[in-house]
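All figures in this text were calculated on a predicted structure; none of them were measured in a lab. These numbers come from the heavy atoms of this one structure, side chains and all, not from hydrogens, waters or symmetry mates. Letters go in sequence order (proteins before strands), and every chain restarts at 1.
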Protein chains: 2
Amino acid sequence: MAEGEDMATTTLGVREPVADDSRTDILLAAADCFMERGYAATSVDDVARRLGATKGRIYHHFPSKADLFTGVFRHGMDRIYAAVEPYRNMPGPAVERWKKIAFVHTVRMMRSKTLARVVWEGVEMHLRGATTPEQRVVLADLVQYRNGYSDIFRRTISQARDEGDFDFDDVAITVQSMFMALNSPIFWYVPRDGETEEHVTGIAKQIVTFAYRGLGGKGELNL
Amino acid sequence: MAEGEDMATTTLGVREPVADDSRTDILLAAADCFMERGYAATSVDDVARRLGATKGRIYHHFPSKADLFTGVFRHGMDRIYAAVEPYRNMPGPAVERWKKIAFVHTVRMMRSKTLARVVWEGVEMHLRGATTPEQRVVLADLVQYRNGYSDIFRRTISQARDEGDFDFDDVAITVQSMFMALNSPIFWYVPRDGETEEHVTGIAKQIVTFAYRGLGGKGELNL
DNA sequence: GTCTATATGGTGATAGAC
DNA sequence: GTCTATCACCATATAGAC
C-alpha cells in the first residue's frame with residue numbers, strides 16, 4: 001500500500017488507521033536519524049543500527065532511501081495537518097480561528113519536533129531543487145501537500161485583515177515571517193523528561209503572541 | 001596564515017586586506033555549492049567543477065572539506081558582523097538602535113543570501129552535534145562568534161524593554177522568534193537581475209515591521 | 001600552484017540463505 | 001520477514017608529474 005497504513009476495524013468497531021508495526025518502527029527510527037544528521041549525512045546503515053537491525057529489514061519495506069524519506073515526510077505532514085484540521089473551518093471571526101490554529105500548530109512543532117524537522121528539510125530540499133529527476137515528482141507532490149497547509153494560514157490572515165483585525169502589507173512576505181516565527185522551536189526547543197503540559201503551552205503562547213502582534217493584532221491574546 | 005588574508009600595500013599606499021584570489025574564489029564557489037545542495041550532499045568535486053578546476057586546486061589551499069566549510073562560515077559571519085558593527089554602539093534609545101541593526105541585518109540576509117545560508121547550516125550542524133570530534137572544536141569556536149552576534153540583539157531588545165519601548169515576556173524565546181523572522185528571506189528570497197535597491201529595502205521593511213510589532217513596539221517604524 | 005592518477009573507505013542497493 | 005554477503009560506485013584525501 002502506498003500509504004503505509006491499512007484500515008482496520010478495532011474492538012470498538014471504529015475504523016481507524018493501524019500501521020503495520022514494522023513500517024512505523026522504521027519510519028520513526030529514520031525520523032530520528034534524519035533529524036540528528038540530516039538526510040544526506042544519514043546512511044541506511046545508521047537507520048538500521050538505530051533499529052537494532054540490518055538494512056535488509058529496511059529495504060524489504062522501502063525500495064530506496066529516498067522513499068524512506070518521503071515516507072517520513074508524509075507521516076509528519078499527516079500529524080501536523082491532523083492537529084489543525086479540526087479548527088480550519090471554525091465559524092466566527094478569522095482572527096479567532098487564526099489564534100486557534102497558530103497555537104495548535106506551534107504546540108505540534110514542539111511535540112512532534114522530530115517529524116517537523118524532517119518536513120522542514122523536505123521543503124528546503126525541494127526549494128533547492130537538489131533531488132534527482134524522478135524523486136522530484138514525488139517530493140513535488142508532498143510539497144504541494146505542505147503548500148496546501150500553509151494556504152490555510154494565508155487565507156486566514158488575509159481574511160482577518162479584511163475584517164480589520166490584522167494589519168500588514170504583502171501577504172506572501174508576512175505569511176513567511178509568521179511561519180518562521182511559529183516554527184522556530186523546532187530548532188532550539190529541547191523536550192525534557194518530566195515536562196508539564198503548562199511548560200510547553202507557556203512557551204507556545206509567547207511565540208504565538210509574538211506572531212499575533214507581528215501581524216498587527218490588537219490587544220491581548222487570551223488563548 | 002590562518003586567516004586566509006594577507007596584509008598588502010596597495011598602489012595608494014593603504015594597507016588593506018587583500019585575500020589571495022585563489023582562496024576567495026574557492027570560498028565563493030564552495031558557498032554556492034553548499035547553499036544549493038547542503039554540506040553533506042556537496043562533494044569536493046562539485047566545488048572543483050564549479051570552479052572550472054579539479055580538486056587538486058582545492059586541497060592545495062584547504063586541508064579538508066570541513067576546513068573549507070568553516071572557511072565559508074567564517075567569511076559569512078565576517079560580512080554579517082561588518083554590516084551591523086557600525087551601529088551596535090549607537091547612542092540614544094535602544095529601540096532606535098534595534099531598528100537600525102535589525103534593518104541592516106535583514107538587508108544583509110538578502111544581499112548575502114548564499115553566505116547567510118551556509119552560516120545557518122553551520123549553526124544547525126552545531127546544534128545537532130553532528131560533526132566529528134575535532135571539527136566540533138573548530139565549529140564551536142565559530143558558533144561562539146555567531147552567539148556573540150545574537151547577543152547584540154538580545155541585549156538591545158532587553159534594554160529597549162527596560163526603557164519601555166518593547167514589551168515581551170521571556171528574552172530567550174523572543175530573541176529566537178525575532179531572529180527566525182528576520183532570517184526568513186534566506187529561504188525564499190530570490191535575487192533578480194535588474195533589481196532596484198528600493199525593492200530589496202521594501203521587503204526588508206516589511207519583515208522588520210513584523211518583528212518590531214512582535215516585540216511589542218508601538219507606533220510606526222519610520223525606517 | 002594545478003593537474004592526473006590512485007589508494008582507501010563508505011554507501012546504496014541486490015541476491016540468496018534461513 | 002530478516003539476515004549475511006557482496007557488488008558497483010562515489011567521495012575524501014594523497015602522491016607525484018608538470
Q: Of the options D:dA13, C:dT2, C:dT14, whose atoms approach the side-chain atoms of B:H61 most closely?
A: C:dT2

Q: Please check the phosphate of C:dT2 (OP1 and OP2 only) for any side-chain N or O of B:H60 closer than 4.0 Å.
A: no

Q: Looking at B:Y39, is B:R128 sitting on its ring face, NZ or CZ under 6.0 Å from the six-membered ring centre and within 45 degrees of the normal?
A: no

Q: Side chain of B:Y59: nearest nucleotide among D:dC3, C:dT2, D:dA13?
A: D:dA13

Q: Side chain of A:T54 only, heavy atoms from C-beta on: which candidate in C:dA13, D:dC3, C:dC3 is closest?
A: D:dC3

Q: How about A:F69 and A:F34: are their ring centres within less than 6.0 Å of each other?
A: yes

Q: Ignoring hydrogens and angles, state whether a donor on the side chain of A:Y145 or A:D78 is under 3.5 Å from an acceptor on the partner side chain.
A: yes

Q: What is the separation between atom CZ on A:R57 and atom P on C:dG16, rounded to the nearest whole Å?
A: 23 Å

Q: Any chance the side chains of B:Y87 and B:H105 put a donor and an acceptor closer than 3.5 Å?
A: no

Q: Identify which nucleotide among C:dT4, D:dA13, C:dT2 has an atom closest to any side-chain atom of B:K65, counting heavy atoms from C-beta outward.
A: D:dA13

Q: Tell me, which of residues 36-53 of chain A have any heavy atom that sits under 4.0 Å from an atom in DNA chain C?
A: A:T42, A:S43, A:V44

Q: Around A:E195, counting heavy atoms of other residues, nucleotides and ligands shown, do more than 12 lie under 6.0 Å from its CD?
A: yes

Q: In whole angstrom, what separates B:L68's CG from D:dA13's C1'?
A: 13 Å

Q: Figure out the CG/P separation between A:D21 and D:dG1, and round it to whole Å.
A: 12 Å

Q: With a 4.0 Å limit, can you tell me whether A:S22 has a side-chain N or O closer than that to the phosphate oxygens OP1/OP2 of D:dT2?
A: yes

Q: I need the CZ-C1' distance between B:F62 and D:dT14, as an integer number of Å.
A: 18 Å

Q: Do we see a donor-acceptor contact under 3.5 Å between the side chains of A:S150 and A:N147?
A: no

